[in-house]
Amino acid sequence: MSRKKTPKTKGASAPAASALPAANGSRPARPGTARPVPQARPNGPPQPGWPSLGGGDFYDVAFKVMLVGDSGVGKTCLLVRFKDGAFLAGTFISTVGIDFRNKVLDVDGMKVKLQIWDTAGQERFRSVTHAYYRDAHALLLLYDVTNKASFDNIQAWLTETQEYAQHDVVLMLLGNKVDSAQERAVKREDGEKLAKEYGLPFMETSAKTGLNVDLAFTAIAKELKQRSMKAPSEPRFRLHDYVKREGRSTSCCIP
Ligand SMILES: Nc1nc2c(ncn2[C@@H]2O[C@H](COP(=O)(O)OP(=O)(O)OP(=O)(O)O)[C@@H](O)[C@H]2O)c(=O)[nH]1
Ligand SMILES: [Mg+2]
């Protein structure tokens, strides 16, 4: 069994479209940085005595996750919340092209690296994002609960997904900005109904408070990890059940 270390210069499988710069002050998107396939190690428990994983450099298996949805729904903020535990308040700076961040999670004793691609929601970048769908192992479809149009557009995003993504891609629907209760324009039940219609796991999130943010990515990591194991020793992970059980609603909790 070998434990992988995030290479300084990464593989060159991503479409060249990632050469577009990011306008949001994060690292510019670089070409050729995506990993094409889950890099599963042979099954088995992690070896003792490996170097400290403090820097998040080492991983057993890696997956590519994409955030998609209309401009302004909070994709970049969700990613920043997950990666850095912070909220990008203030002026909204729309993503240009595509950007990514890596995060390694400990999932039941295995280091799962998520390479998370933050796409631009603006129409003019659509052709850029199309090129990335095919390598994605999971897609998080976001709408903004204060913006009905972003919810109505989810069907169009699903159509794109069907057209460009792998048929077995893991999907999850997220209604973001639930902290803005006064401005809510999409009821939780409507999100649930849409999710049910398409057979998607669903949660409401807030990049501002952090509600359900870690949970959404952890659920995806668990599902992808399990799928990558040829003969899983653990009981089958059920994404829908997990999200239903663990997801919190705005009324019940402080994240
Ligand atoms: N109240 C609240 N505001 C949020 C939340 N998430 C994002 N925002 C705000 O919504 C605006 C848009 O957020 P972004 O994350 O940049 O949106 P995006 O989906 O990445 O937009 P594009 O890059 O254009 O596709 C910003 O002003 C954020 O501060 C949230 O959970 N709650
Ligand atoms: Mg963005």
Side-chain angles (χ1 to χ4, degrees), residues 17-18 20-30 65-103 114-133 136 138-154 156-158 160-161 164 171-188 191 202-217 247-255:
S18 62
L20 283 166
N24 54 6
S26 57
R27 285 170 299 114
R30 286 169 292 168
V65 179
M66 251 174 95
L67 301 173
V68 294
D70 279 9
S71 178
V73 298
K75 299 181 293 298
T76 300
C77 287
L78 196 87
L79 179 49
V80 170
R81 164 63 70 187
F82 176 59
K83 172 77 176 127
D84 304 326
F87 177 60
L88 292 177
T91 323
F92 164 34
I93 303 171
S94 203
T95 302
V96 174
I98 196 155
D99 194 9
F100 80 93
R101 303 278 180 104
N102 292 324
K103 183 152 174 171
L114 296 182
Q115 184 175 75
I116 306 157
W117 290 81
D118 175 23
T119 66
Q122 287 180 41
E123 185 80 43
R124 65 196 168 108
F125 296 115
R126 219 41 67 81
S127 57
V128 176
T129 21
H130 287 167
Y132 287 82
Y133 276 103
L139 292 169
L140 296 183
L141 298 163
L142 268 80
Y143 67 89
D144 170 356
V145 300
T146 71
N147 178 345
K148 177 72 163 51
S150 74
F151 178 69
D152 294 339
N153 283 337
I154 286 294
W157 285 107
L158 279 163
E160 284 224 339
T161 309
Y164 296 101
L171 292 169
M172 186 182 282
L173 180 66
L174 299 177
N176 191 39
K177 304 197 190 179
V178 272
D179 56 275
S180 303
Q182 308 278 356
E183 290 111 80
R184 190 190 265 273
V186 184
K187 284 190 261 172
R188 182 189 170 89
F202 167 72
M203 266 186 296
E204 289 192 328
T205 57
S206 168
K208 188 171 181 176
T209 66
L211 184 80
N212 291 336
V213 175
D214 283 0
L215 179 64
F217 287 99
R248 313 219 175 261
S249 71
T250 36
S251 54
C252 78
C253 53
I254 295 158

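Both ligands and their constituent atoms are indexed starting at 1 by order of listing. Computed from a predicted structure; not experimentally measured.
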How far does [atom1] of [X] sit from [atom2] of [Y], to the nearest 0.5 angstrom?
X      : Y      : atom1 : atom2 : value
Tyr143 : Leu173 : OH    : CG    : 5.5 Å
Leu78  : Phe87  : CG    : CZ    : 10.5 Å
Leu140 : Lys75  : CG    : NZ    : 11.5 Å
Leu139 : Leu67  : CG    : CG    : 9.0 Å
Gln115 : Asn102 : CD    : CG    : 5.0 Å
Met66  : Thr119 : CE    : OG1   : 5.0 Å

[X] neighbourhood, listing ligand 1 atoms whose heavy-atom distance to it stays under 4.0 Å:
X      : result
Ser180 : 1 (N)
Thr95  : 22 (P), 23 (O), 24 (O)
Gly121 : 22 (P), 25 (O)
Gly90  : 27 (O)
Ser206 : 31 (O)

Best match, [options]: closest heavy atom to [atom]:
atom                    : options                        : result
atom 6 (N) of ligand 1  : Asn147, Asn176, Val178, Thr129 : Asn176
atom 24 (O) of ligand 1 : Ser94, Gly72, Ala207           : Ser94
atom 12 (C) of ligand 1 : Phe92, Phe125, Tyr143          : Phe92
atom 20 (O) of ligand 1 : Leu67, Leu211, Thr76           : Thr76

Check: If you measure every N/O of Ala89 against every N/O of ligand 1, is any gap under 3.5 Å?
Finding: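 No; every N/O pair is 3.5 Å or more apart.
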Next item on the list: Look only at interatomic distance and state if Lys208 has a nitrogen or oxygen under 3.5 Å from any nitrogen or oxygen of ligand 1.
Entry: yes
Starting from [atom], locate the nearest protein heavy atom and write down its residue, its atom name and how far away it is, to 0.1 Å.
atom                    : result
atom 29 (O) of ligand 1 : Leu88 O, 3.0 Å
atom 10 (O) of ligand 1 : Lys177 NZ, 2.9 Å
atom 1 (N) of ligand 1  : Asp179 OD2, 2.8 Å
atom 17 (O) of ligand 1 : Gly74 N, 3.2 Å
atom 15 (O) of ligand 1 : Cys77 N, 2.8 Å

Check: Between Tyr133 and Tyr164, how do the two ring planes meet: parallel, tilted or perpendicular, split at 30° and 60°?
Finding: parallel
Next item on the list: Using 2.8 Å as a strict upper limit, say whether an N, O or S atom of Thr76 approaches the Mg ion (ligand 2) that closely.
Entry: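 So Thr76 does bind the Mg ion (ligand 2) by this criterion.
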Next item on the list: Flag Ser71 as yes if one of its N/O/S atoms falls below 2.8 Å of the Mg ion (ligand 2), otherwise no.
Entry: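 Given the 2.8 Å cut-off, Ser71 does not count as a ligand of the Mg ion (ligand 2).
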Next item on the list: Identify, with sequence neighbours excluded, every residue that meets salt bridge (Lys or Arg N to Asp or Glu O under 4.0 Å) alongside Lys177.
Entry: Asp144
Next item on the list: Of all the heavy-atom pairs spanning Ser71 and Ser94, show the shortest one and how long it is.
Entry: OG-OG, 3.4 Å
Note to self: So which atom in Lys83 and which in Arg101 form the shortest heavy-atom distance, rounded to 0.1 Å?
What the structure shows: CG-NH1, 3.9 Å
Notebook entry, point to check: Can a cation-pi geometry be assigned to Lys103 and Phe217, taking NZ or CZ under 6.0 Å from the six-membered ring centre and within 45° of the ring axis?
Noted result: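 No, Lys103 does not sit over the ring of Phe217.
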Note to self: So, 4.0 Å and heavy atoms of Gly69: is ligand 1 close enough to count as a contact?
What the structure shows: no
Notebook entry, point to check: Between Ser180 (side chain) and Glu183 (backbone), is there a donor-acceptor pair under 3.5 Å?
Noted result: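 Such a contact is absent between Ser180 side chain and Glu183 backbone.
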